[in-house]
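So the structure is just underneath, and the comments pick up after that.
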Amino acid sequence: MAQVKRLAYVQMEATDLDAWRDFASNVLACEVVSAPGAADLRLKVDDRPWRIQVTQGPRNDIVVMGLEVDCGEDFATIRARLADAGVDVRVGGNDACEARGVREMLCFRDPAGMEVELSYGALMRPQQPFHAPLAHGGFVTGEQGLGHVMLVVENVEEVHRFYCDLLGFVTSDFVSTANYGGQKGNFVFMRCNARHHSLAIGYLPLGRRLGHLMLQVRDFDDVGRALDRVHQSRFRQTRALGRHINDRMFSFYVESPSGVQVEYGWGGLEVEAEDLDVKTYDVTSAWGHQHLLVK
Ligand SMILES: [Fe+2]
């Protein structure tokens, strides 16, 4: 079955691009490839020209989730599947594809209203390797894509079915917990490659779509070094170091200038193709990850 293979990119909208430039370079160690004063920020974390775009605007939230398939055949199959299901699908024009650096692109909204772009044939620039602004071992991307996003949705079951039935995501597990920062939480974790999840969904009363974006580093010590940088910066750590119960990610969370949290992790589980049994957990973390800020 043709399926989405990776989280390719995200577009964020933010009120303060200068703060994002500082945060991305000096805390996350992303390479900011946009010149000072540019209309948007492009953040590079690997051989691709960019992976995170931050545009100026009032929303302080994710505005586009970019997903990709392997090839034009899978692209056409999923396009037909979406159309058959009655999804309002728009085809990206030449300018839109060029701006994203893809061969072809579809645009549609998921049942929660999230703007999704589906593409293939992403522009690669191995001749311009990732050059971190400070000493850093790099990020885990490649076949596992950019990382993962946790999206806040009210209609969890409907959104879960949409991503599995139409886009080919596979359910990894569920977390139903009585205490997620002092409130109930019901989350679904879905994968589309070896990364345990590229997409998690659940309801939290945050007032925005993006719960968090996760970036995974190659070197264990880069988690600690990033945490040192957080403590030396004006940005706030929002969850303590910990290890997630399901994807085994060793990580902490930091609040971006948009209020959106970024999870900075190492050691995420790579799921084998034959590991098909769906699991349920009643906590999100084996230890740690205490919520440090109550809003
Ligand atoms: Fe996460």
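Indexing begins at 1, ligand by ligand and atom by atom, following the structure's order.
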Residue pair Trp50 / Tyr9, side-chain heavy-atom distance below 4.5 Å: yes

Side chain to side chain, Phe187 and Leu204, heavy atoms closer than 4.5 Å: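 Heavy-atom side-chain distance check passes, below 4.5 Å.
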
His244/Phe250 under ring-ring contact (aromatic ring centres under 6.0 Å, His included): CA gap, chis, key distance, verdict: CA-CA 7 Å; His244 277 303; Phe250 171 76; over 10 Å; no

Pair Asn186, Ser176: side-chain N/O donor-acceptor within cut-off below 3.5 Å: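 Asn186 vs Ser176: donor-acceptor pair found between side chains.
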
Sphere of radius 2.8 Å around the Fe ion (ligand 1) - protein N, O or S atoms inside: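 Correct list: His148 NE2, His212 NE2, Glu263 OE1.
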
Candidate list Glu13, Gln53, Arg100, Met12, test side chain to side chain contact (heavy atoms under 4.5 Å, CB included), partner Val64, passing option: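 Testing each of Glu13, Gln53, Arg100, Met12 against Val64, the sole residue satisfying side chain to side chain contact (heavy atoms under 4.5 Å, CB included) is Arg100.
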
Partner of His148 by side-chain hydrogen bond (donor to acceptor under 3.5 Å, both in side chains), out of His212, His196, Arg191: His212

